[in-house]
Amino acid sequence: MDTYVYQVGGKNYINLTNRCNNACDFCIRQNKVGIPGFSLWLEKEPEAEEVIAQLDAAGRGDVVFCGYGEPTLRLDVLKEVAAYVKSYGGKVRVNTNGLANREYGRDVVPELENLVDVMSISLNEASAEKYDAVCHSIYGPAAFDEMLDFARRCAGTRMDTVLSVVDVISPEDIAVCREIAEKVGARLRVREYSAE
Ligand code: SF4
């Protein structure tokens, strides 16, 4: 059976799709079959009821939309499951590339602001050129500004908005990323590189 819900560190991670509108060099989709104990490759993308059934079986709790692909590509399912989690008092985090507005051609932030507690957006790099060189978005270098505009809109809501980078970039670039995060009103999170 496909794994739509898996547990890491006491949280439920939700895997809605293996598709993405980026193709990052470092993406675990490129080189792994899953995390230990779970295969995250899906034979079929789930409907909300299927995710909710696995979440109920796991005992509910807080959730992180993450997975082996971009969760906002399943925006309707994400919203339905997030509303369910909020209905029992759980917390919702979304790990995203921040390209949903570009994908849908509209501002989806108002649709998410009351359903998502933490919006964690991958900044990855300090400039559009560097971002494009590693993330290979289908939207090209323009994806960088699209992602920052999404972050700015999220930061203007009640959502705790985080821009994340991995500590493989230089300290100088991390400093630039910190300035970028401040400018859009988000927190910067510097994650440690993990080969896992
Ligand atoms: S945005 Fe995330 S899921 Fe998409 S290719 Fe990059 S690392 Fe993978």
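Keep in mind it's a predicted model, so treat the numbers as computed, not measured. For ligands, and for the atoms within them, numbers begin at 1 and follow the listed sequence.
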- Identify which of Pro71, Cys135, Gly69 has a heavy atom lying nearest to atom 3 (S) of ligand 1. Gly69
- Message: Per the salt bridge (Lys or Arg N to Asp or Glu O under 4.0 Å) rule, what does the pair list look like for residues 148-158, sequence neighbours excluded?
- Response: Asp107-Arg153, Asp117-Arg158, Asp149-Arg152, Asp149-Arg153
- Check ion pair Glu125-Lys130 (N to O, under 4.0 angstrom): no
- With atoms numbered from 1 as shown, which atoms in ligand 1 lie under 4.0 angstrom from a non-hydrogen atom of Asn97? 1 (S)
- Message: Donor-acceptor pair, distance only, cut-off 3.5 Å: does the side chain of Glu70 make one with the backbone of Thr72?
- Response: yes
- Task: Verify the distance test for Cys27 against atom 8 (Fe) of ligand 1: any N/O/S atom under 2.8 Å, yes or no.
- Result: yes
- Can you list the residues that meet the ring pair (Phe, Tyr, Trp, His ring centres under 6.0 Å) rule with Tyr139, with sequence neighbours excluded? none
- For ligand 1, which atoms, with element, lie under 4.0 Å from some heavy atom of Cys20? 1 (S), 3 (S), 4 (Fe), 5 (S)
- Note on the structure: Checking heavy atoms under 4.0 Å, the part of Cys24 that sits near ligand 1 is both
- Query: To the nearest 0.5 Å, how far apart are SG in Cys177 and CG in Leu163?
  - Reply: 8.5 Å
